[in-house]
Amino acid sequence: QVQLVESGGGSAQPGGSLRLSCTAFGFRLRFFDIGWFRRAPGKERKGVSCIRSRTEITEYEESVKGRFTISRDNAKNAVFLQMNNLEPEDTGVYYCAPACDKMAVHDDSWGQGTQVTVSL
């Protein structure tokens with residue numbers, strides 16, 4: 001079965017940190033662009049960060065630049081999102097997908113996501 005599974009979410013205070021994991025099952029993640037997306041309460045899902053498959057070039061949404069870091073560990077078949085200096089606006093369900101553009105992700109390809117809540 002081919003799927004991506006997100007983990008590592010939880011609750012944090014503003015200024016805190018969390019590390020999200022995206023683990024691939026049934027395929028080698030290294031051959032794909034991998035994107036992290038966030039669905040904030042009452043809002044549409046949008047891209048947060050992405051790592052390209054061949055160049056390893058990383059991309060970040062403007063509001064997370066300098067705070068979030070995406071990385072890939074091919075031995076673990078996983079991609080990580082290190083989130084530092086968290087803000088309440090980072091709250092939402094985080095998903096990973098084998099694409100940098102959410103429009104390229106089939107509806108059936110989205111996983112369960114992992115909840116991140118940032119509050120005092």
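Positions are given from 1 along the sequence.
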Cluster question for you: counting only ILVMFWY and a side-chain heavy-atom cut-off of under 4.5 Å, with indirect links fine, are Tyr60 and Leu20 together? yes
Under the disulfide bond (SG atoms under 2.5 Å apart) definition, can you give me all pairs with a residue in residues 48-80, not counting sequence neighbours? Cys50-Cys100
Phe32: what forms a ring-ring contact (aromatic ring centres under 6.0 Å, His included) with it, not counting sequence neighbours? Phe27
Roughly how far, to the nearest 0.5 Å, is the OG atom of Ser17 from the CG atom of Asn85? 8.0 Å
Thr91 side, atom OG1; Gln115 side, atom CD - distance, nearest 0.5 Å: 7.5 Å
Does the side chain of Val118 come within less than 4.5 Å of Leu18's, by heavy atoms? no
Any donor-acceptor pair under 3.5 Å linking the side chain of Asp73 with the backbone of Ala78? no
Let me check something: do Phe80 and Leu4 share a hydrophobic cluster, defined by ILVMFWY side-chain heavy atoms less than 4.5 Å apart, either directly or through other members? no
Can you tell me how far the OG atom of Ser49 sits from the NZ atom of Lys65, to the nearest 0.5 Å? 10.5 Å
Residue pair Arg67, Asp90: steps toward the side chain to side chain contact (heavy atoms under 4.5 Å, CB included) verdict: CA-CA 11 Å; Arg67 300 188 298 119; Asp90 297 321; 2.8 Å; yes
Tell me whether Lys102 contacts the main-chain N or O of Phe37 through its side chain, where contact means a donor paired with an acceptor under 3.5 Å. no
Atom CD of Glu56 and atom CZ of Arg30: how far apart are they, to the nearest 0.5 Å? 9.0 Å
When rounded to the nearest 0.5 angstrom, what distance separates CZ in Arg19 from CG in Asn84? 11.0 Å
Is a side-chain N or O of Arg72 found less than 3.5 angstrom from the main chain of Arg52, in a donor-acceptor match? yes
Between Ile70 and Ile34, which heavy-atom pair has the shortest distance, and what is it? CD1-O, 3.9 Å
On a heavy-atom basis, the closest approach of Cys22 and Leu29 is O-CD1, 4.0 Å
Just say parallel, tilted or perpendicular for the rings of Tyr95 and Trp110, cut-offs at 30° and 60°. perpendicular
Evaluate Glu6 against Val93 for side chain to side chain contact (heavy atoms under 4.5 Å, CB included), listing each step before the verdict. CA-CA 10 Å; Glu6 305 91 345; Val93 181; over 6 Å; no
Taking the side chain as everything from C-beta on, heavy atoms only, tell me whether Ser71 gets closer than 4.5 Å to Ile51. no
Measure the spacing between CZ of Arg28 and CG of Asn74 and express it to the nearest 0.5 Å. 7.0 Å
I'd like to know if the side chain of Glu61 reaches the main chain of Ser63, judged simply by a donor and an acceptor atom lying under 3.5 Å from each other, with no hydrogens or angles considered. yes
Compare every heavy atom of Val105 with every heavy atom of Ala99, then report the nearest pair and how far apart it is. CB-CG2, 3.9 Å
Between Leu86 and Tyr94, is there a shared hydrophobic cluster once you connect ILVMFWY residues whose side-chain heavy atoms come closer than 4.5 Å? yes
How about Pro88 and Pro14: do any of their side-chain heavy atoms sit closer than 4.5 Å? yes
Cluster question for you: counting only ILVMFWY and a side-chain heavy-atom cut-off of under 4.5 Å, with indirect links fine, are Val2 and Val79 together? yes
